[in-house]
> 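Take this structure, written in structure tokens, and hold onto it; I'll ask about it next.
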Amino acid sequence: MTTVETTFNNAGTDNPAPPQAQRLSLYVFALFFIFGGLTSLNDVLVPKLKDLFSLSYTEAMLVQSAFFFAYFVASIPAGLLISRIGYMKAAVVGLLTMAAGCLMFIPATLSTLFPAFLGALFILAVGVTTVQVVANPLLSLLGPGSTAHSRLTLGQGFNSLGTTVAPYIGAILILGALNEVDPSTLSGAELSAFLAHEASVISNTYVGIALIICLIAAIVWLQRNALKSSKRPERLNPFSALDLLKQPRFAFGAACIFLYVGAEVAIGSLLTDYLMLPTTLHLVAEEAGKHVAFYWGGAMVGRFVGAALMRRYAPGKLLAFAAGTAIVLISLSSLSTGSISGWSLLAVGLFNSIMFPTIFSLASEGLGERAAEGSGLICCAIVGGAIVPPLTGFAADLSTLSLALAVPAICYAGIASYGWYARRPHLAN
């Protein structure tokens, strides 16, 4: 999934000894993998909870709203936390918050209330946000400034690996029983027993994740003093970045981050149900969930292809092309049937790959010393993942899943416009 592209100008200064830095980098790469995997695991959780609680698409998409609203709420506090206790300790706080969110699935299961699951997801996402705000600048500190971009790119690779692997494993652990039992055929005690069992499948999965996270938190805690100076270089006014929205290029870019995350998450959330339709691939739930890995895997592969293309083509033009192609693929999926319909929507992931970093870099051009402030504001724009998916779900409830794809298509149209708008390098005033 997407991460906050944050680096500081003093990256690589005051570093630990090289062997120690390499060891710490491995821990940070593990963080990238974990929060990437937990984010994409929601794409399996959406159809599961929709089935268990007989939810509409709009209601089911509240899973993503609960998760991504945490970015809007927790990003700035996470930055302030780093300024008080440093990167390593803040990472531990984030990890323990993630573990607490995972463990909250236990009382959610016992209550059998959908809002309880949303509360657990929100706490989990607050931890994910904190770790995400920590990970990029921390990784940039663990080595020479000249190779910071390389380390960040590798970190993004681990993040993409997590988003690819998690839906496949999650489909096996969480969606399996949906292949065997149709809750609509049960009633009374049988239905209650089935719902309790399936809810426990979810909680058991997240409890297992919590144990792994706690182990990693313990390892990071043991390394808390390894970085001689692990605090942010300065304290920033949390609201000082708002005047950056007066700059059209930055404001348009921040809006496109909102649109991009919203469109990417909306499609990923609907994919399992979409691929189960008789008009597409007509897969059973577990197999449909496994196919979501192709969506995120395409994004992983596309990052390497996009990095090569960026050397030959203007980033803005490449962004416009990628967004335009996404619109074509969505239209093809919506207007066709069978394998073409299913695989054309899965292929959108390949063209999602370059969008977040490209939009970020285009929006940040010309910010100079205010780049860190702009990055924090862009991080808040990730809240698009909380708003666009429910709108897409509402459209699906009013019409069909195929027609609801028009919502992310409109988002990509906005992104394509920005790519063309920002096709030329920013000229300093």
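Bear in mind the structure is a predicted one, so any value in this text is a computation, not a measurement.
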> About how many Å separate CG of L124 and CZ of F35, when rounded to the nearest 0.5 Å?
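Interatomic distance, F35 CZ to L124 CG, rounded to 0.5 Å: 13.0 Å.
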> In terms of relative ring orientation, are F68 and Y71 parallel, tilted or perpendicular, with 30° and 60° separating the classes?
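Judged by the thresholds at 30° and 60°, the geometry between F68 and Y71 is parallel.
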> Where do S333 and L405 come nearest, in terms of heavy atoms and distance?
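In terms of heavy atoms, the two residues are closest at OG-CD1, 4.2 Å.
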> Report yes if the side chains of V128 and F67 come closer than 4.5 Å at any heavy-atom pair, otherwise no.
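With C-beta onward as the side chain, the pair touches.
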> Between the side chain of R423 and the main-chain N/O of P315, is any donor-acceptor distance below 3.5 Å?
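Judged by distance alone, no pair lies under 3.5 Å.
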> Taking all heavy atoms of F72 and all of C380, pick out the closest pair and write down the distance.
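F72 and C380 have their closest heavy atoms at CD1-O, 3.9 Å.
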> Would a 4.5 Å heavy-atom cut-off, applied to side chains only, mark L346 and L275 as touching?
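Touching, per the 4.5 Å side-chain cut-off.
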> What I'd like to find out is whether the side chain of I330 reaches to under 4.5 Å of the side chain of I267, using heavy atoms alone.
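Result yes, sub-4.5 Å side-chain heavy-atom pair found.
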> Distance check, rounded to the nearest 0.5 Å: M104 atom CE versus F122 atom CZ?
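The CE atom of M104 sits 10.5 Å away from the CZ atom of F122.
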> Of the non-hydrogen atoms in M61 and A266, which two are nearest, and what is the gap between them?
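Result for this residue pair: CE-O, 3.8 Å.
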> Indicate the ring-plane relationship of F53 and F114, choosing parallel, tilted or perpendicular according to the 30° and 60° boundaries.
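The arrangement is tilted - the two ring planes meet at 30° to 60°.
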> Decide side chain to side chain contact (heavy atoms under 4.5 Å, CB included) for I202 and L49; before the verdict, give the C-alpha distance in whole Å, the side-chain angles of both, and the deciding distance to 0.1 Å.
CA-CA 9 Å; I202 298 174; L49 293 176; 3.7 Å; yes
> Within the supplied structure, the quantity of interest is the number of heavy atoms (other residues, nucleotides, ligands) at a distance under 6.0 Å from Y57 OH; does it exceed 12?
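Check passes, neighbour count above 12.
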> Could you walk me through whether F105 and Y206 pass the ring pair (Phe, Tyr, Trp, His ring centres under 6.0 Å) check?
CA-CA 7 Å; F105 277 85; Y206 278 89; 4.1 Å; yes
> Counting distance only, does the side-chain N/O of T130 pair as donor-acceptor with the main-chain N or O of G94 below 3.5 Å?
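Judged by distance alone, no pair lies under 3.5 Å.
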> Should V328 and S344 count as side-chain neighbours, where that means a heavy-atom distance under 4.5 Å?
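Contact flag for V328/S344 side chains = no.
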> Taking the six-membered ring for Trp, are F356 and F360 parallel (under 30°), tilted (30 to 60°) or perpendicular (over 60°)?
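Rings of F356 and F360: parallel, under 30°.
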> So, do L318 and M310 sit near enough that their side-chain heavy atoms are less than 4.5 Å apart?
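L318 reaches M310 side chain to side chain.
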> Report yes if the side chains of V133 and I82 come closer than 4.5 Å at any heavy-atom pair, otherwise no.
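The answer is yes, as the side chains (C-beta and beyond) meet within the 4.5 Å cut-off.
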> If I take atom CD1 from residue I172 and atom CD from residue E286, how far apart are they, to the nearest 0.5 angstrom?
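Between atom CD1 of I172 and atom CD of E286 there are 6.0 Å.
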> How would you list, by chain and number, every residue that makes a ring pair (Phe, Tyr, Trp, His ring centres under 6.0 Å) with Y421, sequence neighbours excluded?
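Ring pair (Phe, Tyr, Trp, His ring centres under 6.0 Å) list for Y421, sorted by chain: F252.
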> Please check: side-chain N/O of S65 versus main-chain N/O of A386, any donor-acceptor pairing under 3.5 Å?
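Side chain of S65 to backbone of A386, a donor-acceptor pair under 3.5 Å: yes, one is there.
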> Under 3.5 Å, sequence neighbours excluded: what are the donor-acceptor pairs made by side chains of residues 406-417?
| unit_1 | atom_1 | unit_2 | atom_2 | d |
| --- | --- | --- | --- | --- |
| Y412 | OH | N352 | OD1 | 2.6 |
| Y412 | OH | N352 | ND2 | 3.4 |
| S417 | OG | A413 | O | 3.0 |

> Would V126 and V73 count as a side chain to side chain contact (heavy atoms under 4.5 Å, CB included) here? Give the steps.
CA-CA 8 Å; V126 169; V73 173; 5.8 Å; no
> Give a yes or no on whether the backbone of P47 and the side-chain of D51 come within a donor-acceptor separation of less than 3.5 Å.
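No.
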> For residues S40 and P167, report the shortest heavy-atom separation together with the two atoms involved.
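Heavy atoms only, the tightest pair is OG-CD, 3.4 Å.
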> Is there a side-chain contact between F158 and V28 (heavy atoms, below 4.5 Å)?
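No - every pair of side-chain heavy atoms lies 4.5 Å or more apart.
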> Before you tell me yes or no, could you show the steps for V265 and T39 under side chain to side chain contact (heavy atoms under 4.5 Å, CB included), namely the whole-Å CA-CA distance, both residues' side-chain angles and the distance that decides it to 0.1 Å?
CA-CA 9 Å; V265 172; T39 302; 5.9 Å; no
> Heavy atoms only: give me the nearest V201-L173 pair and the separation to one decimal.
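The pair with the smallest heavy-atom distance is CG1-O, 3.0 Å.
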> Working to the nearest 0.5 angstrom, can you tell me the gap between D397 CG and T392 OG1?
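Atom-to-atom, D397:CG and T392:OG1 are 11.0 Å apart.
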> Look only at the side chain of S361 and the backbone of T358, and say whether a donor-acceptor pair between them is shorter than 3.5 Å.
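Judged by distance alone, yes, a pair lies under 3.5 Å.
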> Quick one, F33 and N159 - any side-chain contact, counting heavy atoms below 4.5 Å?
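No, every pair of side-chain atoms sits at 4.5 Å or beyond.
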> Can you confirm whether the side chains of Y295 and T164 place a donor and an acceptor under 3.5 Å from each other?
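There is no such pair between these side chains.
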> The test is side chain to side chain contact (heavy atoms under 4.5 Å, CB included); show your working for I213 and L38 and say whether it passes.
CA-CA 11 Å; I213 292 174; L38 284 171; 4.1 Å; yes
> Please report the shortest heavy-atom distance between A66 and L121, naming the atom on each side.
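Heavy atoms only, the tightest pair is CB-CB, 4.5 Å.
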> Check whether T112 reaches the backbone of T109 with its side chain - one donor and one acceptor, N or O, closer than 3.5 Å.
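Checking the backbone N and O of T109 against the side chain of T112, no donor-acceptor pair under 3.5 Å is found.
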> Please report the interatomic distance OH(Y27) to CG(L222), rounded to the nearest 0.5 Å.
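It is 8.0 Å, given to the nearest 0.5 Å.
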> Kindly compute the distance separating NZ (K50) from CG (L62), expressed to the nearest 0.5 Å.
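So the gap between those two atoms works out to 13.0 Å.
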> Treating K48 as the side-chain partner and I174 as the backbone partner, does any N or O pair qualify as donor plus acceptor under 3.5 Å?
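The answer is yes, because a donor-acceptor pair under 3.5 Å joins these two groups.
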